Amino acid sequence: MFNTQKILNDFPILTRPGANGLPLCYLDSGATSQRPNQVVAAAARFYTEINANVHRGVYRISEEATEAYESAREKIRAFLNAGSTREIIFTSGTTEAINLVARSWGAKNLNSGDRVVVTEFEHHSNLVPWQMLAAEKEIVLDVIPVLDDGTLDLDVYRELLKLGPKLIAVSGMSNVLGTIPPLESMIPAAHEAGALVLVDGAQLVPHLKTDVRVLDADFLVFSGHKMLAPTGIGVLYGKETLLKEMPPFFGGGDMIRKVFLRSFTVADLPYKFEAGTKPIAQAVGLGAAIDYLNLLGMDQVAAHEHELTLRAIESLQAVPGLTIYGPLGGNRGSAVSFTIEGIHPHDIASLLDREGICVRAGHHCAMPIHDRFRIPATTRASFYLYNTEADIERLCSGLKKVVSIFA
Amino acid sequence: MFNTQKILNDFPILTRPGANGLPLCYLDSGATSQRPNQVVAAAARFYTEINANVHRGVYRISEEATEAYESAREKIRAFLNAGSTREIIFTSGTTEAINLVARSWGAKNLNSGDRVVVTEFEHHSNLVPWQMLAAEKEIVLDVIPVLDDGTLDLDVYRELLKLGPKLIAVSGMSNVLGTIPPLESMIPAAHEAGALVLVDGAQLVPHLKTDVRVLDADFLVFSGHKMLAPTGIGVLYGKETLLKEMPPFFGGGDMIRKVFLRSFTVADLPYKFEAGTKPIAQAVGLGAAIDYLNLLGMDQVAAHEHELTLRAIESLQAVPGLTIYGPLGGNRGSAVSFTIEGIHPHDIASLLDREGICVRAGHHCAMPIHDRFRIPATTRASFYLYNTEADIERLCSGLKKVVSIFA
Amino acid sequence: MDDLYREVILDHYKNPQYRGELDPHDLSFEDENPLCGDHLRIDLRVDEDGTVREALFSGHGCAISQASADLLVESIIGKKIDSLKTMTKEDVLDLLGFDELGPVRLKCALLSLKVLKGGLYGISGSDEVIDLEE
Amino acid sequence: MDDLYREVILDHYKNPQYRGELDPHDLSFEDENPLCGDHLRIDLRVDEDGTVREALFSGHGCAISQASADLLVESIIGKKIDSLKTMTKEDVLDLLGFDELGPVRLKCALLSLKVLKGGLYGISGSDEVIDLEE
Ligand SMILES: Cc1ncc(COP(=O)(O)O)c(C=O)c1O
Ligand SMILES: Cc1ncc(COP(=O)(O)O)c(C=O)c1O
């Protein structure tokens with residue numbers, strides 16, 4: 001059984017009583033998650049016990065630091081079921097990872113007239129890098145539209161595949177609508193059409209067991225801070241055959257084999273893409289976060305969240321004037337965005353904050369999907385493993401109070 | 001007075017007795033520094049008290065997180081005496097910061113045939129990005145040679161300036177030789193010749209008070225992890241007029257003003273260059289590190305280190321067969337690299353490690369300067385504010401033992 | 001924070017006195033808060049001696065930004081257009097009766113001032129007109 | 001760690017038995033450890049039946065890599081060239097008498113094996129020939 005009380009003990013920020021005597025009701029894990037004591041301690045332990053720079057150091061703590069860093073890489077490899085640690089590149093986050101693919105793979109493989117397909121619900125981080133590339137290299141950006149129920153228009157997707165795109169860049173879970181696109185059919189279809197697939201896993205990997213070999217994703221990117229780990233660390237998974245052919249991205253220490261005054265040769269994977277001193281302590285923290293998730297079991301985490309999400313959707317619909325954007329049921333993620341007739345999302349969030357309830361208001365770094373639904377902004381509640389039914393009750397009664405204030 | 005004992009109490013990793021009963025003798029701060037309790041605690045406190053994503057959040061802890069993040073920026077601005085926080089860009093480190101300038105400023109301002117000047121002692125991070133740009137854009141890379149005493153050949157520099165370079169990219173302190181180039185004369189000369197100057201401050205900023213307005217540097221970059229702060233955070237300072245004209249680098253959340261499906265507009269400085277979720281807790285940690293340095297006083301730190309360094313150079317010269325590369329006196333940094341006749345640097349470092357002494361062996365990410373001195377590798381000792389004379393004594397008696405083993 | 005949604009603010013939001021468009025007008029400024037997509041426009045009719053004779057606002061936004069716009073527009077009627085250039089963030093917070101405000105909601109409260117000043121200085125789309133971080 | 005610089009290792013470093021170049025030779029392989037710039041070359045003379053008749057190493061490096069080269073070269077003389085392809089990291093550590101080694105010094109110890117195997121398989125400059133991270 002999923003023991004939320006036991007879990008909450010690991011998150012002191014969620015149990016300390018706030019100004020109104022109630023603990024924080026944190027419903028903004030879609031923006032960033034909280035971190036359990038175990039993760040904070042792992043990073044602190046790194047600093048106070050084995051802190052040193054990694055690789056190249058021959059003294060003991062440097063070797064221990066290297067081992068801690070590389071064993072975090074191995075934990076990630078196993079978590080994703082990747083074939084080799086050479087496929088696991090540490091980045092500063094999802095955004096850097098996508099830009100890396102756009103600039104390195106894209107620079108080499110995309111030419112004027114080539115097509116890249118995105119979706120209408122992409123996060124700006126999986127949209128703007130492709131727009132920048134489109135402007136520089138005159139590639140064509142195609143968009144899979146979103147239907148009224150928040151799912152992708154797969155008929156259009158099939159048509160777009162016929163145009164022979166080089167890459168499909170798609171979020172594994174929308175951070176606004178909670179939509180989980182059918183990657184298990186979209187990826188094979190892309191491959192059949194000769195396209196590679198980059199999965200933006202920023203919302204997917206923290207919440208649902210993700211097996212890169214089952215998915216057969218060519219690239220998968222995600223951030224540590226949305227999955228219990230420190231800020232400042234993220235991952236690019238790429239198939240080894242692809243990464244091998246890609247030119248390096250950042251130049252600097254550690255990504256080289258040899259450097260002369262006017263030329264250099266490149267290091268082997270994964271170091272080729274890891275220039276400079278990486279976020280070492282944060283990588284170790286991400287390893288600890290994965291240990292934590294594995295201990296709970298990703299299937300349990302997903303089941304718990306799914307139950308909460310369906311319960312939330314049901315309760316929210318009882319709030320007068322409230323409209324939810326995105327799927328109302330089925331296999332969907334825990335981001336639930338909504339509007340309330342006549343009340344601005346910022347006012348909703350401010351008023352909920354008085355009750356110690358943290359929700360996000362705005363465009364959630366996904367303006368186009370808001371344009372699609374002709375709304376400037378939404379209020380979003382998003383859940384993670386430490387949330388409980390009590391949180392949902394507080395959210396809904398808070399919203400009813402908001403409605404009455406504006407009545 | 002500089003109270004090293006009091007300082008050491010803040011660094012538990014340096015006082016715990018190791019295997020041989022002696023505490024760690026950490027002489028590798030040039031690679032990465034140790035972190036005081038205050039910094040580790042500041043990052044941990046962030047996670048356990050106000051952890052939330054920054055900007056855009058209207059609830060209380062998100063506002064507190066934003067304030068903590070932005071006040072770290074203000075601390076850095078004041079530390080560097082920059083004119084505005086708009087000139088302080090958070091990056092993941094020095095390497096990312098240099099690549100940002102190369103790709104953003106360079107992409108816009110450098111064309112085939114344009115010249116960029118570097119030095120023979122640059123770290124790979126301030127060399128490879130320019131080599132990559134040279135290969136892509138056919139710019140010409142000129143090199144200021146290093147003289148036998150480890151200083152720059154300023155005659156050649158003056159000649160190179162006559163060729164009308166667009167940029168001088170120079171380290172403020174060599175991480176191998178300890179050389180501090182005369183920026184106070186080199187920068188005005190560059191400006192007179194119409195060139196901009198990027199100062200790689202990775203070794204400079206942690207050790208010497210750096211005032212960007214006195215220096216009149218156009219860009220200054222450095223890493224937190226070499227100045228008591230967490231890994232995963234660094235800074236790009238740039239003059240506002242320059243940053244304003246530069247195209248954005250990474251695309252993603254937060255660096256935009258508005259995003260449509262096929263276009264976007266760019267946010268104001270400094271956010272234009274801060275795409276995605278930044279290393280928030282690490283920025284807060286860097287703020288705490290700066291508080292710590294300010295409390296000690298950068299002048300005191302520099303004086304303490306300088307005394308230690310001169311003492312070390314004197315003592316090292318008494319070790320049979322030992323040769324030091326770099327200036328033997330004067331205004332020089334605390335990195336002291338050397339070879340010992342007939343003994344490989346790796347063997348030296350391994351044998352010192354048995355005594356709990358941490359030094360680095362290898363090319364220190366600066367192969368060309370090793371080629372210059374016709375050596376494949378050196379052993380490097382580097383000092384910081386927590387080092388003491390006892391550390392130097394241990395180093396020198398350790399080296400004498402090494403020499404006797406190989407005799 | 002606790003009086004952020006005082007009766008008077010909600011009143012100005014629900015029953016604004018200066019909501020609408022002026023057609024024709026002498027001056028019309030608009031801008032938005034990209035954070036939340038809020039959009040605000042202010043139309044002015046100005047006398048020959050430079051006095052604001054009529055003013056109305058339109059657009060959409062949260063209670064704070066709309067109440068702020070209603071109060072700001074009310075306050076500028078009858079004033080010399082040149083004197084408006086010296087209006088400050090504190091003036092607007094005074095109109096709203098707020099002591100202080102978090103950085104995000106501050107942008108809501110100051111959107112009306114940003115529109116006005118951006119228009120008067122002929123700049124728009126820039127937070128730098130009024131330094132919101134001050 | 002404590003026997004890393006045992007007398008026997010220092011001996012092989014200071015007085016190598018198989019140091020030199022073979023000219024002419026049948027096979028010659030070289031590679032380096034980019035971490036520290038160490039460079040190693042191994043020259044072989046091979047019988048018609050594929051037996052290594054003579055072998056010498058040259059280059060420069062640390063005590064560990066040089067002792068390893070001396071011991072490895074000694075161990076392959078008289079062996080069939082094909083049988084060398086199956087030599088493992090453990091074989092080399094056995095020759096050196098090391099139980100285990102940190103990752104950085106491991107690269108020193110295995111440079112000789114890397115040169116040999118890289119040559120036999122016709123690949124050089126790649127750590128992947130022997131997976132050092134295993
Ligand atoms: C002079 C110099 N420049 C650049 C760097 C690269 O810094 P980082 O690895 O933190 O990106 C270093 C650190 O080794 C350095 O010493
Ligand atoms: C779907 C999606 N993609 C990308 C990102 C960007 O992640 P980061 O800000 O950690 O780089 C986010 C986070 O907001 C997200 O939800």
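Labels below follow one simple rule: chain letters A, B, ... track the order of the sequence lines, proteins then strands, and each chain is numbered from 1. Reckoned from all heavy atoms, side chains included, excluding hydrogens, waters and symmetry mates. Keep in mind it's a predicted model, so treat the numbers as computed, not measured.
- Both the backbone and the side chain of B:A281 come within contact range of chain A, judged by heavy atoms closer than 4.5 Å.
- Across B:T32, B:T91, B:I357, B:N126, the residue that shares the most heavy-atom pairs under 4.5 angstrom with chain A is B:T32.
- A donor-acceptor contact shorter than 3.5 Å links the side chain of A:N53 to the backbone of B:A31.
- A:G251 and B:P129 make their closest contact through O-CG, 3.5 Å (heavy atoms, listed as atom of the first residue, atom of the second, distance).
- With respect to chain A, the highest number of heavy-atom pairs below 4.5 Å among B:S263, B:G362, B:A52, B:G93 belongs to B:S263.
- With a 4.5 Å cut-off on non-hydrogen atoms, B:L261 touches chain A through its backbone and its side chain both.
- Ranked by heavy-atom pairs under 4.5 Å with chain A, the list B:C365, B:P368, B:G276 is led by B:P368.
- Of the listed residues B:T94, B:I61, B:D254, the one with more heavy-atom pairs under 4.5 angstrom with chain A than any other is B:I61.
- Across B:V39, B:N37, B:V40, B:I13, a single residue satisfies side-chain contact (heavy atoms from CB on, under 4.5 Å) together with A:Y47, and that is B:V40.
- In terms of heavy-atom pairs under 4.5 angstrom with chain B, the leader among A:H123, A:M367, A:H364 is A:M367.
- Of all residues spanning residues 23-30 of chain B, those with a heavy atom less than 4.5 Å away from chain A's heavy atoms are B:L24, B:Y26, B:D28, arranged by number.
- Residue contact with chain A, scored on non-hydrogen atoms closer than 4.5 Å, is absent for B:R372.
- Heavy-atom distances place no part of A:E122 under 4.5 Å from chain B, backbone and side chain included.
- A:T277 contributes atom OG1, which lies 5.0 Å from atom NZ of B:K226 (distance to the nearest 0.5 angstrom).
- Only the backbone of B:V359 comes within contact range of chain A, with at least one heavy atom under 4.5 Å from a heavy atom of that chain.
- A donor-acceptor pair is defined here as one N or O able to donate and one able to accept, closer than 3.5 Å; such a pair exists between the side chain of B:Q131 and the backbone of A:F260.
- Shortest non-hydrogen contact noted between A:D371 and B:V259 is OD2-O, 4.3 Å.
- Looking at B:P248, the atoms closer than 4.5 Å to chain A (heavy atoms on both sides) sit in the backbone and in the side chain alike.
- Looking at B:E96, both its backbone and its side chain come within 4.5 Å of chain A, counting heavy atoms on both sides.
- Interface remark: B:I256 contributes side-chain atoms only to the contact with chain A (heavy atom separation under 4.5 Å).
- Across every non-hydrogen atom of A:R60 and B:D353, the tightest pair is N-OD1, 3.0 Å.
- Of the atoms belonging to B:S62, it is side-chain heavy atoms, and not backbone ones, that fall under 4.5 Å from chain A.
- Within the 4.5 angstrom heavy-atom criterion, no atom of B:I233 approaches chain A.
- B:R360 and A:Y59 get closest at one heavy-atom pair: NH2-OH, 3.6 Å.
- Separating the CG atom in A:L127 from the CZ atom in B:F264 is a distance of 9.5 Å, to the nearest 0.5 Å.
- Contact of B:S33 with chain A is made through the backbone alone, with heavy-atom distances under 4.5 Å.
- For chain A, the nearby part of B:H55 is the backbone; its heavy atoms alone come within less than 4.5 Å.
- We find the CZ-CZ distance between B:F250 and A:R103 to be 7.5 Å, quoted to the nearest 0.5 Å.
- Here B:F90 contributes atom CZ and A:S92 contributes atom OG; the two are 14.0 Å apart, rounded to the nearest 0.5 Å.
- Contacts between A:T48 and chain B at a heavy-atom distance below 4.5 Å involve backbone atoms as well as side-chain atoms.
- The choice from B:L352, B:N51, B:L141, B:L14 that makes the most heavy-atom pairs within less than 4.5 Å of chain A is B:N51.
- A donor-acceptor pair under 3.5 Å is absent between the side-chain atoms of A:Q282 and the main chain of B:P230, judged by distance alone.
- Residue A:A134 does not touch chain B at all, counting heavy-atom pairs closer than 4.5 Å.
- The shortest heavy-atom contact between B:D142 and A:R262 is CA-NH2, 4.0 Å.
- Shown here for A:E49 and B:R16, the closest heavy-atom pair between the two residues is CA-NH2, 3.5 Å.
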Legend entry - Stepwise side-chain contact (heavy atoms from CB on, under 4.5 Å) test for A:V128 and B:M255: CA-CA 10 Å; A:V128 177; B:M255 53 67 74; 4.2 Å; yes
